[in-house]
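Chain letters run A, B, ... following the sequence lines, proteins first, then strands; residues in each count from 1. Just the heavy atoms: all of them, side chains too, but no hydrogens, waters or symmetry mates, feed the values below.
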There are 2 protein chains.
Amino acid sequence: MLTRTPRSSSDKNSLLARGVMLWRCIADEYEQTILVGKYENGAKLPPESEIAARYGVNRHTVRRAIAELGARGLVRTERGSGTYVKTDKLDYRIGQRTRFSEIVAAAGHEAEGRLQGHRHEPASEEIAARLGLKAGADVVRLEILRAADRVPISVATTWLSAQRYPDAAKIFRQLRSITRTLDRYGITGYARKWTRISAGFTDAVDAGRLRLSVHRPILVVESLDVAADGEPILTSRGRFAADRVALIVES
Amino acid sequence: MLTRTPRSSSDKNSLLARGVMLWRCIADEYEQTILVGKYENGAKLPPESEIAARYGVNRHTVRRAIAELGARGLVRTERGSGTYVKTDKLDYRIGQRTRFSEIVAAAGHEAEGRLQGHRHEPASEEIAARLGLKAGADVVRLEILRAADRVPISVATTWLSAQRYPDAAKIFRQLRSITRTLDRYGITGYARKWTRISAGFTDAVDAGRLRLSVHRPILVVESLDVAADGEPILTSRGRFAADRVALIVES
DNA sequence: CCAAGTTGTCTAGTTCAATAGACAAGTGAT
DNA sequence: ATCACTTGTCTATTGAACTAGACAACTTGG
């Protein structure tokens, strides 16, 4: 061991970043070791008391760090038993009938969709072309955060014609589902026409919303959904947490 | 503006990262804008009260953020006048006579060297070859943090023969200078024999010591110093904060 | 010199991170 | 069934972050 000059160097001090809370440092430390593959899926973390002792920290502080890991979808805790690593990913099947809530429910999880923001804006050329509108036409823009079992899965920016669906935001905020929102407008069956998948990294905003660090990988999914008669309904640009989702494409 | 669902979204909320203090977020924000070149050297920051208003935050919080920027060597504050950006770098001339304290003093700053850690260890083949020892020979290893005007400039790992300089660590801790430490052993004139410069990025440990973010650029300086008779004395591996230092090589 | 503007310092109060200890509730193996 | 072990919850305390307001000390330009 290196002998350190400043003071008694418990493992606690080696973590301490100025202005960053202790529990956050511990959570980040464990996230690294988990993401780097040191723990297999389902592996058990050391008991809280042991982690606390190792870092020279109170058990409550460790509990808070673990709660953060849970919110990030990295671990699951079982009372009386222990804390277990979750590195398996949600299989997200992309096909003609792609409905977030159905996919998540089929996997045995609780789906949730929250409207983070919305506005009316003139359509860019790109968006207008997708929706079959003139460039500059009024469109509704929705920012939607989707989660499975309270763990954020994706953030999506969705555009719809403001003329046809003027109150889409208000209705979505109540019903929390695109499918049910369109149902209000009499659209009963809509289908995915095309999907474009690329990759990138989280920026500060998406990282916050998805409870990820900055510079984590994301899957960027652009898509167009059309009505039964082929008329464009909505187009979307979703950013999926690649640490938590795998996209399955039918072939 | 996007209408946000959760709550009133002042600019303050857009910064808030869970587990990170407000002042730290503000400091990081300003560090980014400074490092990205938005401010010229010597440019004046907005007054504290204006920054506070902009973020919807108390002035004391802003003061703390600015103090952090000062500690990182990015700004200098002048009472009654304002806060000014410092992006100029310390010119660090590398020659036969390379003495940290002399270089810093010549630039009109206050030099400081602190021993962060030390130990005896067997020399690696590389280190042994440099020092003219057998591989595995006992060497003293020092971890030294150097600063100019309290701003960290470099961290260096230095190796000396443990047989010849057994108490190097103890003496350095008192005298805080390699030159004066060697003087105790009767070495009055020593000279740089070779210097090897490469580049890299901060790891978590060096970032903390140098008060830098992780993944900031560093200059890696490996070197060998010899006595007047050509006998190897010490070899070193320094990591210099590239944001704060420019190396000047005589030709 | 004067006045406006800016940084430095002080006091006071609220909120929350972290510590400390104790006990309840649940699990798993003997 | 019992016992050791683990997670969940509760209370209480300390210290730091952040807010709020006021005033002193200093700089700059007119």
Quiz item: Passes side chain to side chain donor-acceptor pair (under 3.5 Å), B/Thr157 versus B/Arg239? Steps please.
Solution: CA-CA 9 Å; B/Thr157 309; B/Arg239 286 87 76 202; 3.0 Å; yes

Rounding to a whole Å, what distance do you find between [X]:[atom1] and [N]:[atom2]?
X	N	atom1	atom2	answer
A/Leu22	D/dG15	CG	C1'	14 Å
B/Arg76	C/dT7	CZ	C1'	14 Å
B/Ile66	C/dG8	CD1	P	8 Å
B/Arg24	D/dA16	CZ	C1'	16 Å
A/Lys44	D/dT6	NZ	P	6 Å
B/Glu48	C/dT7	CD	P	4 Å
A/Leu45	D/dT6	CG	P	13 Å
B/Ile51	D/dC18	CD1	P	16 Å

Quiz item: Can you find a donor-acceptor N/O pair under 3.5 angstrom joining the side chain of A/Arg59 to the base of C/dG21?
Solution: no

Quiz item: Looking at D/dG8, does its base get a donor-acceptor pair with the side chain of A/His60 below 3.5 Å?
Solution: no

So, is [X] near the phosphate of [N], with a side-chain N or O under 4.0 Å from OP1 or OP2?
X	N	result
A/Ser49	D/dC5	no
B/Arg64	D/dC18	no
A/Trp23	C/dA17	no
A/Arg63	D/dG8	yes
A/Thr77	D/dG8	yes

Practice problem: For the side chain of B/Asn58, starting at C-beta, report the closest nucleotide among D/dT27, D/dA20, C/dA17. | Solution: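 Nearest listed nucleotide: D/dA20.
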
Exercise. Ignoring the backbone of B/Arg79, work out which of D/dA24, D/dT19, D/dT6 is nearest its side chain.
Key: D/dA24

Quiz item: So, A/Ser101 versus A/Arg146: side-chain donor-acceptor pair below 3.5 Å or not?
Solution: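 No, because no side-chain N or O of A/Ser101 sits under 3.5 Å from a partner of the opposite role on A/Arg146.
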
Self-check item: 5'-most by nearest nucleotide on DNA chain D - A/Glu50 or B/Ser81
Solution: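 Its nearest nucleotide being more 5', the pick is A/Glu50.
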
Quiz item: When rounded to the nearest 0.5 angstrom, what is the spacing between CG in B/Asn41 and CD1 in B/Ile34?
Solution: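 Reported value, rounded in 0.5 Å steps: 10.5 Å.
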
Quiz item: When rounded to the nearest 0.5 angstrom, what is the spacing between CD in A/Glu31 and CD in A/Glu29?
Solution: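 One finds 11.5 Å between CD of A/Glu31 and CD of A/Glu29.
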
Self-check item: Touch class at under 4.0 angstrom, heavy-atom based, for B/Thr83 against every strand present
Solution: sugar-phosphate

Exercise. Answer yes when B/Arg72 and B/Asp28 have at least one side-chain N-carboxylate O distance shorter than 4.0 Å, and no when they do not.
Key: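 Between B/Asp28 and B/Arg72 there is a salt bridge, with a charged N closer than 4.0 Å to a carboxylate O.
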
